[in-house]
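Numbered from 1 within each chain, the chains take letters A, B, ... in sequence-line order.
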Number of protein chains: 2
Amino acid sequence: MKAEDRRALIIDAAMAVFGDTGYVGTTTDQIAREAGVSQPYVVRMFGTKEKLFLAVLDRALTRLLESFREVLADDAGGGERDELHRRFGTAYIDLLRERGLLASLMHAFLLGTDPIIGKAARCGFLDVYRFLRTEADFTAEEVSEFLAGGMLINTMLGTRMADDYDSDPLVRELLDTALPTKVEHLIEAGRA
Amino acid sequence: MKAEDRRALIIDAAMAVFGDTGYVGTTTDQIAREAGVSQPYVVRMFGTKEKLFLAVLDRALTRLLESFREVLADDAGGGERDELHRRFGTAYIDLLRERGLLASLMHAFLLGTDPIIGKAARCGFLDVYRFLRTEADFTAEEVSEFLAGGMLINTMLGTRMADDYDSDPLVRELLDTALPTKVEHLIEAGRA
DNA sequence: GTCTATACGGCGATAGAC
DNA sequence: GTCTATCGCCGTATAGAC
């Protein structure tokens, strides 16, 4: 297999595991096993664990903005404002299908004290903010509200709250209210 | 010094450091230095690092609900609904003064895959949800919106976004919009 | 391009003195 | 109640073969 394909494969594996157990809590060995390669090869290919995480972060942000740009392209300024917002919400929820993507993002957002990763995370968050504000023409209040909902979803994902969806009616209410669309994806993601 | 006082002191120190670098990213030695004691003593007093983190989590949740109950007590059902919500928001922002409290909470919320800490985090989150829903009489939608705003604040805290408050006008707009009241506390907290 | 073997450092936890 | 000394493990990274 070519290095480039292997690289993409390892990034996907890393995203999945980083999403589960965070940057510090994940070992390069876990990632290697997930990707079906040896631990030293993972390090060799990316230089350091830190650089691998940065690659995952970059991938996640690229996918996120890609999805959002698609929504914008499909819309083409014709429809109503509320409908557009709803479709951004749906696009976000759909990203839950890509294992570890939003979870890795969220973990990155809590690494602000790390000089390298922290800076990358702030820049990435701002890129999303800038997109919604300028390209999608949200007002500052609209962006804030949209991002807040997103962070609540990410938090629910992080707590694995969906694991208790059936056993606790309060959890059911919480998730049904917090999510803009149906909850199946989150439950899937939570249990994967 | 008595063990009980030392215990409280170490919990405070641990909250500060865990808030900065998370559960896995924090060493018991860092906590010990912050508390001005030896590393083995920290472990000795709490048994394990995990139990120490659980103590910090418990402390944070207790303080949070304490603050909220005060708001409710002061209000006594007299004022308007919106005003009460605003005061809950202010109470939340005030907790940013207690170093590492909200940040440690947020880190706990991303540890859902940990069998022990994850369960505690889910229960804690639900306790807050239950309080707002039943004691404070929020509707499910009101709770969801309130929590979403809180999670956005926590995320901004985690990214240390406030460090760029002066240098980037977009950051300024983001923080000014995302925070229900004035931003000074967060900036303080972000730079402490 | 990918592996095996291994060096090296760091961290949680224990032992035991004072 | 608190410290010093230290063990043992684990994880990243390197060396080098195939």
Side-chain angles (χ1 to χ4, degrees), chain A residues 1-57 100 104 107-108 110-111 113-118 120, chain B residues 1-57 100 104 107-108 110-111 113-118 120:
Chain A
M1 185 178 274
K2 270 183 231 157
E4 203 179 327
D5 297 340
R6 206 50 111 184
R7 194 185 152 87
L9 208 117
I10 293 177
I11 289 182
D12 279 350
M15 195 156 78
V17 189
F18 279 139
D20 275 353
T21 45
Y23 173 60
V24 199
T26 297
T27 70
T28 52
D29 190 59
Q30 286 174 272
I31 295 167
R33 264 180 281 126
E34 178 78 25
V37 296
S38 71
Q39 179 270 330
Y41 187 55
V42 170
V43 175
R44 176 66 72 95
M45 174 156 279
F46 291 88
T48 63
K49 174 180 163 183
E50 184 180 62
K51 282 178 188 159
L52 171 53
F53 188 78
L54 289 172
V56 168
L57 176 55
S104 291
H107 272 111
L110 291 201
L111 291 173
T113 57
D114 182 293
I116 310 292
I117 299 178
Chain B
M1 186 181 275
K2 270 182 232 157
E4 204 180 327
D5 298 340
R6 206 49 112 183
R7 195 185 151 86
L9 207 116
I10 292 177
I11 288 181
D12 280 350
M15 195 155 80
V17 189
F18 279 138
D20 275 352
T21 45
Y23 172 60
V24 199
T26 298
T27 70
T28 52
D29 190 59
Q30 286 173 273
I31 295 167
R33 266 181 280 125
E34 178 78 27
V37 296
S38 72
Q39 180 269 330
Y41 187 54
V42 170
V43 175
R44 177 66 71 94
M45 174 157 280
F46 290 87
T48 63
K49 176 181 162 181
E50 184 180 63
K51 283 178 188 161
L52 171 54
F53 188 77
L54 289 172
V56 168
L57 175 55
S104 292
H107 273 111
L110 291 200
L111 291 173
T113 56
D114 182 292
I116 310 292
I117 298 178

Taking only the side-chain heavy atoms of B:V37 (C-beta and beyond), determine which of D:dT12, D:dC3, C:dC3 contains the nearest atom. D:dC3
Should the ring pair B:F53 and B:F18 be called parallel, tilted or perpendicular, given that the plane angle runs from 0 to 90° and is split at 30 and 60? perpendicular
B:M45 CE - D:dC3 P separation (whole Å): 10 Å
Listed nucleotide nearest any side-chain atom of A:P40, set D:dT14, D:dT12, C:dA13: D:dT14
Phosphate-side-chain proximity, A:S38 and C:dT2, N/O vs OP1/OP2 below 4.0 Å: no
Indicate whether OP1 or OP2 belonging to C:dC11 is found under 4.0 Å from a side-chain N or O atom of B:T28. no
So what does A:M1 touch, heavy atoms closer than 4.0 Å: a base, only the sugar-phosphate, or nothing? sugar-phosphate
Can you measure B:L9 atom CG to D:dG1 atom P for me and round it to whole angstrom units? 15 Å
For the residue pair A:V43 and A:T48, establish whether any side-chain heavy-atom pair is separated by less than 4.5 Å. no
Is a donor from one side chain sitting under 3.5 angstrom from an acceptor on the other, for B:T21 and B:T26? yes
Of D:dG11, C:dG12, C:dT4, the nucleotide closest to the side chain of A:T27 is D:dG11
Nucleotide C:dC3, atom P - distance to CG of A:D29 in whole Å: 12 Å
Integer-rounded Å distance: D:dT12 C1' and A:K51 NZ: 14 Å
Could you please name the option among D:dT2, D:dT12, D:dT14 that lies closest to any side-chain atom of B:R6? D:dT2
Taking atom CG of A:L52 and atom CG of A:L57, what is their separation to the nearest 0.5 Å? 11.5 Å
Judged by atom type as modelled, is there a donor-acceptor pair below 3.5 Å linking the side chain of A:S104 to the main-chain atoms of A:M15? yes
Measure from the side chain of A:Y41, starting at C-beta and using heavy atoms only, and say which of C:dT2, C:dG12, D:dG1 lies closest. C:dT2
Nucleotide D:dA13, atom P - distance to CD1 of A:I31 in whole Å: 11 Å
Measure CD1/A:I10 against C1'/C:dG1 and give the value in whole Å, please. 11 Å
Per nearest nucleotide of DNA chain D, the residue lying toward the 5' end, A:R44 or A:Q39, is A:Q39
Rounded interatomic separation in angstrom, taking CG from A:L52 and C1' from D:dA13: 14 Å
Starting at NZ of B:K49 and ending at P of C:dC11, how long is that distance when rounded to a whole Å? 9 Å
